[in-house]
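First up is the structure itself, then whatever we jot down about it.
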Amino acid sequence: MEMFTTLFSIALGAILVNNFIFAQFLGICPFMGVSKKVDTAMGMGVAVIFVMGVASVFTWLVNEFLLVPFHLEFMQTIAFILVIAALVQFIEMFLQKSVPALYSALGIYLPLITTNCAVLGVALLNIQNGYNFIESLVYGVTGGIGFLVAIVLFASVRERLEFSDCPKSFEGFPIALITAGLLALCFMGFSGLKVVW
Amino acid sequence: MNTVVTCVVILGVLGAVFGLVLAFAAKVFAVEKDPREEAIAACLPGANCGGCGYAGCGGYAAAVVKGEAATNCCAAGGEEVAAKVAEIMGVSAGESVKMVAEVHCSGGGADKSKYEYMGIHDCLAAARLPGGGPLACKYGCLGMGTCESVCPFDAIHVVDGVAKVDVEKCKACKKCVDICPRHIISLEPYKTKRHVAIPCSSKDKGPAVTKVCSNGCIGCGLCAKACPKEAITVTDFLAKIDYDKCVGCGLCAQKCPRKLIVIDGKVPVIKPKPAAAKPAASAAAKPAAPTAVKPAAEKKDESKQ
């Protein structure tokens, strides 16, 4: 039961309290870039969940069985970039052959995520927080869910912004940045959440 | 020193392993692409104009190979490309109808404006003004050449305050159709011989049209009555041609009281009716014959040029 509580608090933290975008400001590039339409935002979000989950598993394994035994923890960043890049490439090839439906659904977003800092961030945070294998997996997947929630919320606001009557100098990107800031402020309301068992 | 060595070794091995795995995966998971797709993409114009309705030439090539698209959808390439694509796919090309953009305004009211416009020389900007721009006719071409600036084929130009399409250069990419704030440009099937057009978009009643335009359609319906094939219909005081039925006889153009209807881009010289010219039958009939022949001869010369 205690493990369940830990996992639940990790999940809650990743989705709401320490949301990757609104609290940690990781993965802002795709957040601003592909949030013009809810459809594309959804595609990006699902792809991020997928890659973050798989990446946290593999980086945890590489860290635990390769870097730690050789006392090379300072090489984490470089090693993880290598792992994530190779992993995404491999997944792309695998999906194209085996699950074409999923491949066409994720489409262009999959290779885009290779250099997403949220993915590298989740890998490094797993190690920093001292998570075990299961916890890393949960943190990765729920971190992705947090990203999905954030980008879909933002995209639906942005769709409406298109038709709003805002001052000329704020049209487009400036008002989008302000909106993102306001959303981040809203998410600060979650910072008091805590799971007590 | 030792750490540096292990560092290099570990990362080197890691990179090498990943490299090998990826190289292996590329072989195992290689997806066979239809070679016809590349061949088709190679003979398409490559302008990615989107006139076929797919995302660029590559998208169209993929759709053809899948069997979703016909082989003659490429408007920019025309029949030549359609034939090549059909040859690659191993089917007969079929006849592709040449589509061209048509401006539904003759510019008869281009000189009549409600007020003096001093803004940016751009239709999109002018159309946002109260009353939809300075032009007195609220349906007419604003003549500021926004269509001209988006045309990738240099096929549309503003002449005497109204946009004119060069049918030879037009590739039916729809760029002008999409950008025109008045929505008076549309793609129409182009008859290479005797193409009849009614260049007006005004849905106003007759008196309102005559006030703002020298030859706009008043919806009198004489053309519709004159047409032997029932190819012309009048709705909202505006005559429209159904090109599936039109045979290019030009009877409508002779009847039009506004001299609006054009054949091959020109208002035809109207033959005086033998019946109407009864009082001076012998005098009028003789000169009438050469005038009727002349325009036809002129047209032949044009088509050769």
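To find a chain, count down the sequence lines: A is the first, B the second, and so on, and within it residues start at 1.
Less than 6.0 angstrom separates the ring centroid of Phe94(A) from the ring centroid of Phe29(B).
Note: Val83(A) leads Val62(A), Ile78(A), Val83(A), Leu67(A) in heavy-atom pairs under 4.5 Å with chain B. The candidate from Gly19(B), Ala25(B), Gly15(B) with the greatest count of non-hydrogen atom pairs under 4.5 Å with chain A is Ala25(B).
Taking the six-membered ring where the residue is Trp, Phe154(A) and Phe31(A) present parallel rings, their angle staying beneath 30° rather than reaching 60°. Between Phe8(A) and Phe4(A), the ring planes lie parallel to each other; the angle is under 30°, not in the 30° to 60° tilted range.
Residue contact with chain A, scored on non-hydrogen atoms closer than 4.5 Å, involves the backbone and the side chain of Leu11(B) alike. Heavy atoms closer than 4.5 Å to chain B are found in the side chain of Met75(A), but not in its backbone. Both the backbone and the side chain of Leu82(A) have a heavy atom closer than 4.5 Å to some heavy atom of chain B.
Note that the CG atom of Leu7(A) and the CG atom of Leu12(A) stand 12.5 Å from one another [nearest 0.5 Å]. A distance of 7.0 Å separates CG in Leu187(B) from SG in Cys176(B), rounded to the nearest 0.5 Å.
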